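To start, the structure itself, in structure tokens.
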Amino acid sequence: MKRFMNLKPSKVTAFFLGLLPFIIAGIFYIVASDLRLAENPNDKLLPSMASFSEAIDRMALTPSKRTGEILFIEDTSASLHRLGLGILISAVLAMLIGIPLGFIPFVRAGFSPFVAAFSMVPPMAILPILFIVFGMGEIAKVALIVIGVTPLIVRDLQQRVSEIPAEQFIKAQTLGGSSWSIVIRVILPQIFPRLLDSVRLTLGTAWIFLISAEAISATEGLGYRIFLVRRYMSMDVILPYVAWITFLAFLFDYLLKKLTYKLFPWYSAGKENA
Amino acid sequence: MKRFMNLKPSKVTAFFLGLLPFIIAGIFYIVASDLRLAENPNDKLLPSMASFSEAIDRMALTPSKRTGEILFIEDTSASLHRLGLGILISAVLAMLIGIPLGFIPFVRAGFSPFVAAFSMVPPMAILPILFIVFGMGEIAKVALIVIGVTPLIVRDLQQRVSEIPAEQFIKAQTLGGSSWSIVIRVILPQIFPRLLDSVRLTLGTAWIFLISAEAISATEGLGYRIFLVRRYMSMDVILPYVAWITFLAFLFDYLLKKLTYKLFPWYSAGKENA
Amino acid sequence: KDKFTVSWTIYVGWMPWDYAQQKGIVDKWAKKYGIEIDLVQVNDYIESINQYTAGKFDGCLMTNMDALTIPAAGGVDSTALIMGDFSNGNDGIILKGKKNLADIKGQDVNLVELSVSHYLLARGLESVGLSERDVKVVNTSDADIVAAYSSNDVTALVPWNPQLSEIMTKKDANLVFDSSKIPGEIIDMLVINTEILKDNPKLAKALTGAWFEVMSLMKKGDTKALTFMAEASGTDLAGYKSQLKSTKMFYDPKEAVEFADSSALPNTMKKVSEFSFNHGLLGEGAPDAGFIGMEFPNGKRFGDPKNIKLRFIDTYVKMAAEGKL
Amino acid sequence: MSLITIKNLWKEYGDNVVLERLNLNIEEGEFCTLVGPSGCGKTTFLKMLLGQETPTKGTFLLDGKPFPDEPSIERGIVFQRYSVFEHLSVLGNVLLSMELKESKFFGRLFGKKRKEAKEKAMQMLESVGLGDAAHKYPSELSGGMQQRLSIAQSLVIKPKILLLDEPFGALDPGIRADMHTLILDLWKRNNLTVIMVTHDLHESFYLGSRLLVFDKVRYDEQAPNAYGARITYDIPVGNEKGAILTKVDKSRKKETNNYDN
Amino acid sequence: MSLITIKNLWKEYGDNVVLERLNLNIEEGEFCTLVGPSGCGKTTFLKMLLGQETPTKGTFLLDGKPFPDEPSIERGIVFQRYSVFEHLSVLGNVLLSMELKESKFFGRLFGKKRKEAKEKAMQMLESVGLGDAAHKYPSELSGGMQQRLSIAQSLVIKPKILLLDEPFGALDPGIRADMHTLILDLWKRNNLTVIMVTHDLHESFYLGSRLLVFDKVRYDEQAPNAYGARITYDIPVGNEKGAILTKVDKSRKKETNNYDN
Ligand SMILES: Nc1ncnc2c1ncn2[C@@H]1O[C@H](COP(=O)(O)OP(=O)(O)OP(=O)(O)O)[C@@H](O)[C@H]1O
Ligand SMILES: Nc1ncnc2c1ncn2[C@@H]1O[C@H](COP(=O)(O)OP(=O)(O)OP(=O)(O)O)[C@@H](O)[C@H]1O
Ligand SMILES: [Mg+2]
Ligand SMILES: [Mg+2]
């Protein structure tokens, strides 16, 4: 008998093994739901599959009576728009801050402590100030994502820049590079795939901030809908929405990973397989 | 003239440079506050330094009339207790899940997809279910931290375990190690400092979840107090609390880093300076 | 069953429960009836009702409208044991700069969607001949609504207290409509699961007894008690008193009985039911506003008698009025 | 009977034939060095001896029984790098060998047993010249010292066979020479069977009692993977066999140059 | 006047005297190899030549003027590793040299200039034997090819001085020999001044026109850092100077052993 650590499942086995926990969780849910519904047929906490399909039909296939649009699509596009914008701004900001922070000793000495402190501030607690500065509209929602996510990416990029071997900077200098041309020809292209990795890893946090922002003030969006229907505990809407958010998060994670390796074939160090 | 990248500040210069942004931010605040207060002396958004010291006196130095205790201390100890417990449980769980996930191919095949999907679920959106399962007491608050943070640490540990050179596992096997004894003698001690690093990096997220949990159900705690006075927009209490939370987060980050290097003098690979 | 839990939320009309709990008044009455009662503070109001609806609590404090749309619509047969007060100015519509409610036309209105604020807005619009189509409702969390006022793009809000009085201290804030114009329509009440109530009249007696003991203290204007409540709700005595001013508390059980027995109550609930139906709050399966049946003292009813899920009773308040507890 | 018996052994990865028709007997106490061009399958061969890979076909026996199909205690290994444990001191690394071997569940020894093991470990460390460094961590050691440690780690539990995959490839020439003296000394004193892969022809001649050269004898331009490597030389060598070296050296003139000499 | 003039040069790190009283003139076109025990300050010396470190005291002139205090285009460098850019193809790496040199702001060349640069880069690659690998990424190259690339990168912009810090230390002996042929060839053809640190005494004799041996001449048991290294040998060498090698070799018998020979 081989050691457990040396046993490797075949591809087919691996696929079915990977499916198993999902199936078990599904069965677990159905049993729990049935038990509760047997007690109170109107129970809303763990709806039956039938209620789910009804809710999905209502939200995703039938146009809303009030606006004539399909709520689910409206919500998704509003949220993705905010998320995309927030992530994009964060990524650009993080590059602009993280590279000098990791590369120029004077900048690091000046701003590293401030950025570190800033990254520890819980943004939810200073919302009133954010509202004054950014208003209550779309900008505020995007700003909350940016404020929540940028410091995380900045710190990661700063770290990565300082991990580029010093030899490369010396070499580039002997080739006639200036601080600026070293940034754009040596650091930027090397840090870019890492930025994508970093964005990928902070996507979860970005979603949390998006949902919070939409819970605070919005008229559409995935987070808005979840908090609105929470008012009458429509878990039949909430749970499909959560599943959808999870799926989207998963998808973006996957696509970003693929994109990174596609765009940067030379990039493999520091890759995260998990 | 040397290239900017080659200029290095002296220790003293670095210290004062690092202080500068804090001082500028402070001055900026005082000016903005003065401007608003000149317009409306009752404005609560950016309180004056005098209101701060009053609020601090009220919260941190005078016992509450209601309970006879000092609110600030009560809040801090309640929050830290929850945070500590949450982090501790997350760390232990993450070890128990992350190590087999990274080490045993069969376990990885079975649970890796599920853990990845689970880590994408926004816990805020399924609060009703969490509260039903964990009750409304202390457990629920700790559970929210655990659910929010554990998947992040698990994925990091899984990654780190799979980064241990295969040579080490082979070598250990030739020395007579079994799967189990390799886990406890080779993997566990090598992964432990990485666990501390990982905990450090997720502390910020843990705080966010703690504050959210306390806003939903608690009778004391830093997040609770902020939630309570937020309705009156008492920024004179909120801002010192935020500063205190930031300071605590900073302190733990620092202490954990020190602790890691103290406990594991051999640990330096994969260290994060940022 | 002799151990019960009731959830409560910080709100001017519910602070007496905190006092009763902290000062041992609840315990005293519970002991009298040989039971144990635990009042659990939940900060998130909706979560508190959701947990009650899911069966985690035996009772919960909520408004008449939420009682209809959450537990009753969720199939949990609930009984309003004590109607402690109604909002008499605790909810209001604020416009920035403008002085008339009619000016709200075309504006974005920040409020907690599908809550009593939303209902108040609907009633207010009705009073000036407008409808919800004339404004755009922006769902805004109650915790952040004060901060929202400071933002330039917010011009109309419907908050409740204490946020309401907080916003009124600010520049340009005009109260153009409030709940004193629809008295008795927004009711704060203690709701108990009907089944549990049926099996445990002791619980109802103990809770009612405790409640009116605190009421008598408040009626006397017991400063110590009021200060206690003020602090627990995060304000001071003056602030709390000003909130009480816009709350019609039934200090005397007789008043409460009178209110429960009045014919206004079924009328109010009909309006609330219609509002809820129009906003889809009675569930997707509801064919009309009478889908969920309600029962009032003296055998009055509204809606489907086969689907009675919300009951208003005066039994125990009457006992309190008669000093029989 | 030979310690290792190999008859008509093939190893393929999919279409890629790595080794073909190997025939070999290795007796107890031999010191075989393996050389051959890069990618010819030396490491693959060592992996099969270790149990990390299984042959595609052929007879492959250890002591007359089929080879265990996973790494085990009879066969020690020293890799070019990464084969000491960063988190343990030098002494801890050697102790670990005995602890893993003797304590299946805890992987730890206590009390008297631990004391004995410690003494044994110290003796081992002395014999590889690491006595003074017993309480250092691997990161404080030079490359050569780390390889000594890895050897000590394997030898302290007395494996039947010691496998080495370019153990000195990353070391400086001076240090490498010391390691040669050490490994020869350990081999003689412990009656070990050693199989060592190297890139360095000099090393392969200076060390060992038997030299195995792996190389492809057949080659197809169109399908470079169609034929595997075989054993092209199998010659007794040793310290005194300088003459052969010169001869082989000349035939390699194209690849190396006179500096190498 | 000499290209490099060094008079009574000291280098100290705090209390640690690394180099003391160095006197040296290096003429244009010389090929100096530097050897010496580990930690004696060879890399430190190279860093001063590069501008990464400044001497503590003494005269240190390049072309009669004080040494520029940061790396610049006159002095090319090849490190033992990490001196090619992972994110650029082989051709891109060589192009980068010309781009950084000629385009200060964008670090890029366009149009005709780029085309010319490309041709020049290809020529350079051919001359180091990387013509076929022009479109590969460094991670696809062997260690020796990476070092060739690094050399090509430096040479294409024609530095006055080429500094090498153990450039072949991580390579296999066979490949190392090829590199020697290459560097000697490049040196001769480009009229370069080369200063190369090595660990390998053979290399230092085989290559170059002048050998500098760094070593401590004074040593204090109580304070091992009190005295720095000096230049203990400064001898003309070259391909033909085999006799000296044998002599020096004998005096090193303690450290190395007969295999090394
Ligand atoms: N796991 C594997 N899957 C597929 N092919 C493999 C695998 N491992 C090795 N090979 C192939 O087997 C051949 C031999 O590889 P091996 O590592 O044994 O060579 P080697 O002689 O040790 O080379 P080197 O001297 O460079 O270490 C190579 O062509 C390699 O590509
Ligand atoms: N930045 C520094 N700060 C302080 N001491 C240093 C620094 N750099 C090098 N040293 C010290 O200077 C001495 C010489 O180091 P150097 O790296 O020049 O040696 P080396 O001859 O290149 O050695 P090796 O052959 O191992 O590469 C060493 O004692 C080292 O500890
Ligand atoms: Mg190999
Ligand atoms: Mg050096």
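In what follows, every heavy atom counts, from backbone to side chain, and hydrogens, waters and symmetry copies are set aside. None of these values were measured; they are calculated from a predicted model. Chain A is the first sequence line, chain B the second, and so forth, proteins listed ahead of strands; every chain is numbered from 1.
- Atom CD1 in A/Ile245 sits 13.0 Å away from atom CE in B/Met120 (nearest 0.5 Å).
- Within the model, atoms CD1 of B/Ile129 and OH of A/Tyr29 stand 6.5 Å from one another, a figure rounded to the nearest 0.5 Å.
- Using a 4.5 Å cut-off between heavy atoms, B/Arg108 does not touch chain A at all.
- No part of A/Leu222 comes within reach of chain B, as not one of its non-hydrogen atoms sits under 4.5 angstrom from that chain.
- In this structure, A/Leu127 CG and B/Arg230 CZ are separated by 6.0 Å, a value rounded to the nearest 0.5 Å.
- Minimum heavy-atom separation, B/Arg3 to A/Ser178: NE-CA, 3.9 Å.
- Shown here is A/Phe52, whose CZ atom has more than 12 heavy atoms of other residues, nucleotides or ligands within 6.0 Å.
- Between chain B and the residues A/Phe103, A/Phe247, A/Phe16, A/Phe169, the largest count of heavy-atom pairs under 4.5 Å involves A/Phe103.
- Here the closest non-hydrogen pair linking B/Pro21 and A/Gly110 is CG-O, 3.1 Å.
- Options A/Pro151, A/Ser112, A/Ala116 differ in how many heavy-atom pairs under 4.5 Å they form with chain B, and the most are formed by A/Ala116.
- Neither the backbone nor the side chain of B/Leu152 comes within less than 4.5 Å of any heavy atom of chain A.
- Between B/Ser179 and A/Met5, the closest heavy-atom pair is OG-N, 3.1 Å.
- Interface remark: B/Leu239 contributes side-chain atoms only to the contact with chain A (heavy atom separation under 4.5 Å).
- Of all the listed residues (B/Leu19, B/Val242, B/Thr13, B/Ile226), the one sharing the greatest number of non-hydrogen pairs under 4.5 Å with chain A is B/Val242.
- Most heavy-atom pairs under 4.5 Å with chain B, from the set A/Ala249, A/Ala215, A/Ala243, A/Gly223: that is A/Ala249.
- For a residue to count as touching a neighbouring chain, one of its non-hydrogen atoms must lie under 4.5 Å from one of that chain's; by this rule B/Phe209 touches chain A with the side chain only.
- If you take CD1 on B/Ile132 and CZ on A/Arg36, they are separated by 5.5 Å, rounding to the nearest 0.5 Å.
- In terms of heavy atoms, A/Gly18 sits closest to B/Pro113 at CA-CG, 4.0 Å.
- To the nearest 0.5 Å, atom CD1 of residue A/Ile208 and atom CD1 of residue B/Ile208 are 7.0 Å apart.
- Neither the backbone nor the side chain of B/Arg225 comes within contact range of chain A; no heavy atoms are under 4.5 Å apart.
- When every heavy atom of A/Phe106 is checked against every heavy atom of B/Lys8, the shortest pair comes out as CE1-C, 3.9 Å.
- For A/Leu101, no part sits under 4.5 Å from any heavy atom of chain B, backbone or side chain.
- In terms of heavy-atom pairs under 4.5 Å with chain B, the best-connected choice from A/Asn6, A/Ile182, A/Ile211 is A/Asn6.
- Chosen from A/Phe227, A/Phe15, A/Phe250, the residue pairing most often with chain B at heavy-atom distances under 4.5 Å is A/Phe250.
- Neither the backbone nor the side chain of B/Leu20 comes within contact range of chain A; no heavy atom of the residue lies under 4.5 Å from a heavy atom of that chain.
- With a threshold of 4.5 angstrom between heavy atoms, B/Ala25 approaches chain A through side-chain atoms but not through N, CA, C or O.
- For the options B/Phe114, B/Phe111, B/Trp207, heavy-atom pairs under 4.5 Å to chain A are most numerous at B/Phe114.
- When atom types are taken as modelled, the side chain of A/Thr246 and the backbone of B/Ala117 share no donor-acceptor pair closer than 3.5 angstrom.
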